[in-house]
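We name chains A, B, ... by the order of the sequence lines, and we start the count at 1 in each one. These numbers come from a predicted model, not from an experiment.
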Amino acid sequence: MGDDFRTCPVTGFKVHLPAEKLIKVNAVTAVVALLVGAIMALLVVLTRWETVHLLRPIDFYKFVTLHGWNMLGFWIIFFEVAVLYFAGAIMLNTRLASPKLGWVAYALMLIGALGTNITVLMNPTKNAIMFTSYVPLKATPGYYLSVILFAVGALLAVFNFLATLYIAKKEKTYRGSLPLVVFGALAAAIIAVSTLLFGAAALVPTLFWSMDIAPTWDALTYRIVFWAFGHPSQQINVAAMVAIWYLLAYLTVGGTTISEKFSRLAFVFYILFINIASAHHLLVDPGVSTAWKIWNTSYAMYLAVLASMMHAFAVPAAIEVAQRKKGFNRGLFEWLWKAPWKNPSFSALILSIIVFGFLGGISGVIQGTEQLNIRFHNTLAIPGHFHGTVAGGTTLAFMGITYYVLPLIFRRELVGKSLAVYQPWLFGIGIALVSIGMQGAGLYGVPRRHADITSFGGSGFAFEYDPTAYLWLAVMGIGGILAFAGAVLFVLIAVATLIKGRRL
Amino acid sequence: MSVTPPQRVWWKEKVPREERLWFSIALAWAIVMFIMMPLWHIYGSQNPSTETYKVEPEEYVTLTQQFIERYKVGEENGVPVVEPPPGSDVYLLGKQFSWEPVIKLKKGETYRLHLSSADVLHGFSVYPMNINFMVIPGYDYVLTITPTEAGEYRVVCNEYCGPGHQLMVGKIIVE
Ligand code: HEM
Ligand SMILES: [Cu+2]
Ligand SMILES: [Cu+2]
């Protein structure tokens, strides 16, 4: 020890330098993925906005596939790895279990991410099969291999985090229980392990099948296994996002949860319940029993939603109590009006809570009921739901924490502070309009992942959707341009800070 | 503090009143939804069908061809048009990148509509009603349907099925 550490002058944390380096690399890679994903988002959204209808079908399918991977896969997960290393090593004042393993994990994830992009860009006819990769649509082995490498890398990173917690416990670098934020990160990590193992169960046989050394497998079985992995994988993002909410509430206004027990139990609920709640993807599938659908989408899902409701109470409460302690006690809401709105991390936090809860959460509960799902399945309303949850909520939270990572980890003073104040609003309002527009169009039956709902590639049966649907698509399109601008502004501020920011 | 270990043993701590109240409200909501789920299924009339049979894709293709030969009344855009008698089994085949056949039904009559695929996943989405079901090779999904309004309906594929996915539109006519 000794040489490998520095003490953070702001937070007092003991910073393990090799861990810090890995945090930097993973965070920078995440931001690059966000930029690539955002450029693809613009191309895709300008195609779905029928008035513009930018891309040819094959290019559209190529960029939808890669937008999904670069955003949901690479932006979010590289960032989460950085969060795990931060929560594990820095917040517990300890060393990262194995920096070497950290680099191996990073290399695998990077090769996987590049491989996915390259295989899809080079051969879209075969490999643009969307991130769900449903069999029996068959991509080339390189595609599946890339995805598996990425997942294996992510799994190693999670193990590294868990080993770090073990070291901290053994070396007693903290007393009593884990800090709440680390507890939340641990919840995310536990869900991640189980999820990634299911991911392997879905994709490894598919790889062998694409190499013609394993038989094809039943299309419905694949869907069941895939969603056993696919849905809980989203709960990793939720748990990580909520952990960041608590961290941001602390950093921006000094708030902390009123009840450690309440907040921690809510994290435990995530672990216990969400892992099995995957039937809402299969509600209109043949061969899945009603009893299972009902049990799975009610019992398991609502108890996980309950956990989110608990956090949705605890985080604003943390902010309110901290603000009232500072004396903002006039009326019901002075604490809110007098909050540090000039701090982009604070507005990102509030927008994240609102977009996640009101646009993502509510739409999810509606779309996930057995009866209503008939009207939503595979319509644009589905991406409308998750552009509220992960694309809006999680992304905003990660953007918010980045404004602290830059000065504290990269030790650079933020460049473009005055622009940064508006950045979360630009992205937040934009992505909210994307979510709302998609949900509106979905109600009219506009399908997701569809290149041409105007002329259907010239099919003789072509028809026109209700004109209102096109209006909703315009809302989505305009929101998409704003969100794109917000994402690019975020990347510009981050990059400018890294290059030109005054060293702290 | 969120970033430092809790001062007290957290699981022994007493949860404050406000939190307990909120938890009770949220839990009550979850329980109501929990009870509603089966009730909606039992008393509601918009349930996904549960009638499914295993079928080899080749076999389903043959069944559809026999069905078309029996009831064919014409052709539209190169796709056969069939007019099956009320009460009969109706076969709709999804394949890259078309729906076969075009189906003519009578208003107020009941049919058993079979859905399956010759190759990969497809999505059965009826416009303008906006009703959506998965079409999965190897599974014969049977929907018992009674059209209540005359008109021309479109069947759009809403599950990505390959580079010609956007071409995949079919038609159901109710007279
Ligand atoms: C920058 C602003 C963004 C815009 C304008 C945008 C827009 C879109 C559009 C138009 C689609 C295609 C919908 C369809 O035709 O099915 C889409 C799909 C998707 N987006 Fe975004 N998006 C943005 C950001 C994000 C972010 C930040 C994430 C994740 C963190 C994300 C995750 C996804 C996923 C997973 C899909 C589904 C791809 C598929 O169906 O395979 N998006 N997005
Ligand atoms: Cu899900
Ligand atoms: Cu299709």
Top of [options] for chain A proximity - count of heavy-atom pairs under 4.5 angstrom:
| options | answer |
| --- | --- |
| B/K54, B/R20, B/H165, B/K12 | B/H165 |
| B/Y127, B/W29, B/F133 | B/Y127 |
| B/V15, B/I31, B/V102 | B/V15 |
| B/M129, B/E76, B/K171 | B/E76 |
| B/T50, B/L115, B/V79, B/V156 | B/V156 |

Please classify the contact of [X] with chain A as side chain, backbone, both or neither, using a heavy-atom distance under 4.5 Å.
| X | value |
| --- | --- |
| B/D119 | backbone |
| B/E152 | neither |
| B/M168 | neither |
| B/P163 | both |
| B/V135 | neither |
| B/E18 | both |

Please tell me whether B/W99 and A/F461 form a close aromatic pair, meaning their ring centres lie under 6.0 Å apart.
no
Subject >> Proximity of A/F262 and B/W22 rings by center, below 6.0 Å >> reply: no
What are the two closest heavy atoms between [X] and [Y], and how far apart are they?
| X | Y | value |
| --- | --- | --- |
| A/G287 | B/T52 | N-OG1, 2.9 Å |
| A/G368 | B/M37 | O-CE, 3.9 Å |
| A/F456 | B/V169 | CD2-CG2, 3.3 Å |
| A/R449 | B/E159 | NH1-OE2, 3.6 Å |
| B/E19 | A/I258 | OE2-CB, 3.4 Å |
| B/S125 | A/G445 | OG-O, 4.3 Å |

Would you mind checking which part of [X] comes under 4.5 Å of any heavy atom in chain B, side chain (CB onward), backbone (N, CA, C, O), both or neither?
| X | value |
| --- | --- |
| A/F376 | backbone |
| A/A462 | backbone |
| A/F60 | neither |
| A/L220 | both |
| A/L283 | backbone |
| A/I453 | neither |
| A/V446 | neither |
| A/I374 | both |
| A/T257 | backbone |

Who among [options] has the most heavy-atom pairs with chain B under 4.5 Å?
| options | answer |
| --- | --- |
| A/S177, A/G176, A/P447 | A/S177 |
| A/R223, A/R448, A/M91, A/M310 | A/R223 |
| A/D452, A/V182, A/L137, A/V135 | A/L137 |
| A/V181, A/T125, A/D285 | A/D285 |
| A/P286, A/G442, A/A128, A/G460 | A/P286 |
| A/Q371, A/K62, A/H450 | A/Q371 |

Has the side chain of A/E370 got a donor or acceptor atom that lies under 3.5 Å from a matching backbone atom of B/P48? no
Can you measure from [atom1] ([X]) to [atom2] ([Y]) and round to the nearest 0.5 angstrom?
| X | Y | atom1 | atom2 | result |
| --- | --- | --- | --- | --- |
| B/Q46 | A/T369 | CD | OG1 | 9.0 Å |
| A/N378 | B/Y160 | CG | OH | 14.0 Å |
| B/I42 | A/T290 | CD1 | OG1 | 10.5 Å |
| A/R175 | B/T4 | CZ | OG1 | 11.5 Å |
| B/W10 | A/L178 | CH2 | CG | 10.0 Å |
| B/W11 | A/R264 | CH2 | CZ | 9.5 Å |

Tell me if the [atom1] atom of [X] is crowded by more than 12 foreign heavy atoms within 6.0 Å.
| X | atom1 | answer |
| --- | --- | --- |
| A/K138 | NZ | yes |
| B/R8 | CZ | no |
| B/K95 | NZ | no |
| B/K72 | NZ | yes |

For residues 315-322 of chain A against chain B, heavy atoms under 4.5 Å, the residues are none
- Task: Test A/T256 against B/S2 for side chain to side chain donor-acceptor pair (under 3.5 Å), laying out the working first.
- Result: CA-CA 6 Å; A/T256 188; B/S2 306; 3.2 Å; yes
Q. If you measure only the distance, is there a donor-acceptor pair under 3.5 Å linking the side chains of B/Q166 and A/Y61?
A. yes
Among side-chain atoms of B/Y139 and A/D218, is any donor-acceptor pair under 3.5 angstrom?
yes
